[in-house]
Amino acid sequence: MWLPCGCTSKYVASSFARRTLASYLHVSGRSRCNVAAFMPEAAGLEGVSGRAALRELSVSNSESFWAAVARHRLCWSTPFHTVQDCDLSRGKIKWFEGGKLNVSVNCLDRHVHTCPERVALIWERDERGSEMKYTYGELLEMTCRLGNLLRRHGVKRGDCVTIYMPTCPLAVASMLACARIGAAHNVVFAGFSADALAERIRDAQSSTVITVNQGVRGGKVTELKKTVDTAMQSCPTVKQVFVAMRTDNPVTMTARDIAMEEEMLKEDVVCEPAVMNSEDVLFLLYTSGSTGKPKGLVHTQAGYLLYAALTHRYVFSYHDGDVFGCVADIGWITGHSYVVYGPLANGATTVLFESTPIYPDPGRYWDMVERLKINQFYGAPTAIRLLLKYGDQWVNKYDRSTLKTLGSVGEPINTEAWEWYHRVVGDGRCPVVDTWWQTETGGICIAPRPSDPDAEIVPGMAMRPFFGINPVLMDTEGEVLTSNNTSGALCMAQPWPGMARTIHNNHQRFIDTYFQPYPGYFFTGDGAYRSEEGYYQITGRLDDVINVSGHRIGTAEIEDVVNQCPAVAESAVVGYTHSIKGQGVYAFVVLKKGIDVQEADLSRQLNGMVSEKIAKYASPDFIQFAKRLPKTRSGKIMRRVLRKVVESDLEGLGDLSTLDDPAAVQEIIQDINISALYIKEEICRKTAQ
Ligand code: 6R9
């Protein structure tokens, strides 16, 4: 792995810094009000007397709000001339046009300019107690060398570079190096299989890939370079693969492969940043939808960075000097926004967590909190649920007095897990922020903070919309529900700078998925309840997407793989409630006529296929072989019915009159009793751990 050599860098940020100061003065030259103490970037906004008024203005006069914040928080090389140009009905979203900037300058150079010795990254390596720290100066140097290396190998502005790496400093430097030279990055979670990687490389039209020889997680070595080699067999357009060394074990290098660290050493430590337009692409990130094909959501430069930075600062109450610990992998949007871009834009010290919550023991997180003196800890409910089963002693062993805020993301957090997080991990002292957002939203949209320091927080509720966010609930007729104490489809009535701009190469799918269902609104795909007090609680997905340990997966993606098995006629995959993972995967499989196989063997084979074609986490927990599936008269599989069956909610089966043959449901219910025993068994086993 790249070791910082401590060379001093030359800085290119001075002109950016001067311009920021000028734009700040432009905003703050007008009247000041007390709101400035809480949010300095809002100092110039007239007539705002407190937080509530500020929130109100951020929605009613969102242009002034976002203009003031954008001028203050980002370094522009050319100021923007138009705050926004959006038309949700057409899926047109543009922010800060005319503005030019460089994201890596905003994340690195400007902090190096003021405090080069501040630690940017703490790499909490898989091997406990072997953490490594990288200052802003060192991270800038790494980024510049890598930017020059990519440029020398022909990567140009507008190209897309695929990054298939575990969470580590070189992965962060790779993302920032792309941003520096104007290339887009496409980070693929290192748990994805060769097929899933290849599909994303092809769809993104990447000709350059960055990877590591091997990954290390939970004490186990993963052969990432070998996976890339396999993927390359179906990616003829890839010209080069940069290979960094995470372990000392050499790997076979082909003519396409380039030893990354060796080549970086030959490069200059200064790399001229590309001057980017606000709406140029910053990255693609693939996520699952309700069809079999993952979608490459596109985020652009200024709006995304601004939104990640602002939410990082205010939702977590991050202050200068704090150590921010988001344990997400950089392969997901949470890693992009709250491990990399938000914290670095704010000059924070951010933790890169390479391990698992239970390696080498269930005290790993809290040992890390003590050792690294973490002030804000941001994790997933699935990990909290797992840890609470191991008992309080693993938490109490460690000093957690540095903690100020605890965050949760990725799926609903149940009350028991929330209470434990608050009472045991946070000693009852720290606000727990349940943050709702998505790959599509770029950053947190609904969370209990920011709000008054003593404002109530209701367990398991995301509660309050962030600045500039205007959520609405829709009824089944597509009408806006105006009253409280009601549930509906969660939509956003206004655009905000962090939202995705399109689906790579498929703007029509972007419109159809997010803007078609409720014309004029952005549809999130989630349902929500709004309480009497006006607080929001997310009730879950309304489409065929399930959430396994906080990872999104489309049921259609799994079905596509299962259906590839020659013995399978058809299948239907649904989610069911799982005590640790939130949701588990339940597959109903119909075999072709005349097939004579052992069901156990076939189950094993199907599980293997899903792990190999997608990822391990998508592999079914249960496979039930059925004679037929419940279908409508037009031949559509009734997944709604299957969902109720696996949840044992037979009363909630609803109207079965549209079914072609209601007896199909009865058959499945009879068989499921056997499977249900296994479900119970599994829950008992996990509980006993
Ligand atoms: C950030 C992230 C998005 C989906 C989203 C929703 C679920 C995320 C949640 C939550 C309830 C929360 N989700 N946060 N559900 N409460 N606090 O996870 O992005 O991977 O795109 O998933 O996750 O269903 O629509 P992503």
Side-chain angles (χ1 to χ4, degrees), residues 126 166-167 187-193 196 215 217-218 220 222 285-289 294 326-336 338-339 353-359 362 364-365 377-390 406-414 416-418 420-421 425 434-439 460 525-526 538 540-541 543-555 557-558 561 573-587 607 610-611 613-622 643 646-647 679 682-683 685-687 689:
D126 194 52
T167 302
V187 181
V188 178
F189 172 55
F192 276 121
S193 68
R217 194 159 176 270
K220 294 194 199 89
T222 48
L285 187 60
Y286 283 81
T287 189
S288 294
C326 169
V327 290
D329 190 284
I330 50 146
W332 309 112
I333 190 68
T334 308
H336 281 59
Y338 301 108
V339 174
F353 184 67
E354 193 183 36
S355 195
T356 82
I358 51 168
Y359 181 75
R364 179 62 188 255
Y365 278 168
F377 181 87
Y378 193 27
T382 183
I384 303 303
R385 283 194 294 267
L386 177 67
L387 295 177
L388 84 78
K389 292 188 196 293
Y390 283 96
L406 297 171
S408 164
V409 62
E411 47 172 326
I413 179 161
N414 49 310
E416 187 195 8
W418 192 101
W420 185 81
Y421 201 23
V425 176
D434 173 8
T435 63
W436 176 88
W437 60 294
Q438 314 174 294
T439 307
D526 279 318
I538 309 304
R541 297 289 308 187
D543 54 12
D544 289 321
V545 172
I546 56 180
N547 194 320
V548 180
S549 305
H551 303 332
R552 262 165 83 163
I553 182 77
T555 52
E557 270 175 85
I558 305 175
V561 174
V573 169
V574 294
Y576 71 93
T577 308
H578 187 289
S579 68
I580 308 274
K581 299 195 288 189
Q583 281 190 299
V585 179
Y586 200 116
N607 275 311
V610 176
S611 303
K613 300 262 179 212
I614 310 176
K616 273 216 179 71
Y617 76 85
S619 182
D621 299 82
F622 296 101
R643 272 196 291 270
V646 296
E647 296 286 6
I679 298 185
E682 199 234 14
I683 293 171
R685 191 170 53 76
K686 291 273 184 188
T687 321
Q689 268 176 7

| field | Between OG on residue Ser549 and NE2 on residue His578, distance to nearest 0.5 Å | value | 8.0 Å
| Less than 4.5 Å apart, any side-chain heavy atom of Arg364 and any of Leu387? | no
| query | Does His336 reach the main-chain N or O of Trp332 with its side chain, forming a donor-acceptor pair under 3.5 Å? | reply | yes
| message | Using 0.5 Å steps for rounding, measure from the CZ atom of Arg541 to the CD1 atom of Ile546. | response | 11.5 Å
| message | Using 0.5 Å steps for rounding, measure from the NZ atom of Lys613 to the OG atom of Ser611. | response | 12.0 Å
| query | Checking side chain to side chain donor-acceptor pair (under 3.5 Å) for the pair Arg385/Asn414: CA distance, chi angles, key distance, verdict? | reply | CA-CA 9 Å; Arg385 283 194 294 267; Asn414 49 310; 3.3 Å; yes
| query | If you round to the nearest 0.5 Å, how far is CG of Asp434 from CG of Leu406? | reply | 12.0 Å
| remark: Heavy-atom nearest pair, Phe353 first then Ser355, reads CE2-O, 3.2 Å
| task | Evaluate the criterion side chain to side chain contact (heavy atoms under 4.5 Å, CB included) for residue pair Thr334 and Tyr378; output intermediate values, then yes/no. | result | CA-CA 10 Å; Thr334 308; Tyr378 193 27; 3.9 Å; yes
| query | So among Val585, Val573, Ile558, Ile553, which one has a side chain to side chain contact (heavy atoms under 4.5 Å, CB included) with Val610? | reply | Ile558
| remark: Between Ile384 and Tyr421, the two heavy atoms sitting closest are CD1-CE1, 3.5 Å
| Expected output: side-chain Thr555 to main-chain Val545 donor-acceptor under 3.5 Å | no
| query | Any idea which heavy atoms bring Leu388 and Glu416 closest together, and the distance? | reply | CD1-OE2, 3.7 Å
| query | Are Phe622 and Tyr576 close enough that their ring centers fall under 6.0 Å? | reply | yes
| query | Donor-acceptor pair, Glu354 side chain versus Pro166 backbone, under 3.5 Å? | reply | no
| remark: Scanning both residues in full, the closest heavy-atom pair of Cys326 with Tyr338 reads CB-O, 3.4 Å
| Of the non-hydrogen atoms in Arg552 and Tyr617, which two are nearest, and what is the gap between them? | O-OH, 3.4 Å
| note | Nearest heavy-atom contact between Tyr365 and Ala383 is OH-CB, 3.7 Å
| task | Determine yes or no for a side-chain-to-main-chain donor-acceptor pair under 3.5 angstrom, with Thr167 supplying the side chain and Ile330 the backbone. | result | yes
| Check: Glu647 side chain, Thr577 main-chain N or O, donor-acceptor pair, under 3.5 Å | yes
| task | Check the pair Asp621 / Tyr586 against side chain to side chain contact (heavy atoms under 4.5 Å, CB included), numbers first and verdict last. | result | CA-CA 6 Å; Asp621 299 82; Tyr586 200 116; over 6 Å; no
| note | Rounding to 0.5 Å, atoms CD (Glu411) and NZ (Lys581) come to a distance of 11.5 Å
| message | Between Asp526 and Gln438, is the side chain to side chain contact (heavy atoms under 4.5 Å, CB included) condition met? List the steps. | response | CA-CA 10 Å; Asp526 279 318; Gln438 314 174 294; 3.7 Å; yes
| said: Nearest 0.5 Å, please: how far is CG in Asp329 from CZ in Arg217? | reply: 7.0 Å
| Pairwise side-chain contact, Tyr286 with Val188, heavy-atom cut-off 4.5 Å (strictly under) | no
| said: Donor-acceptor check, side chain of Asn547 to backbone of Gln583, threshold 3.5 angstrom: yes or no? | reply: no
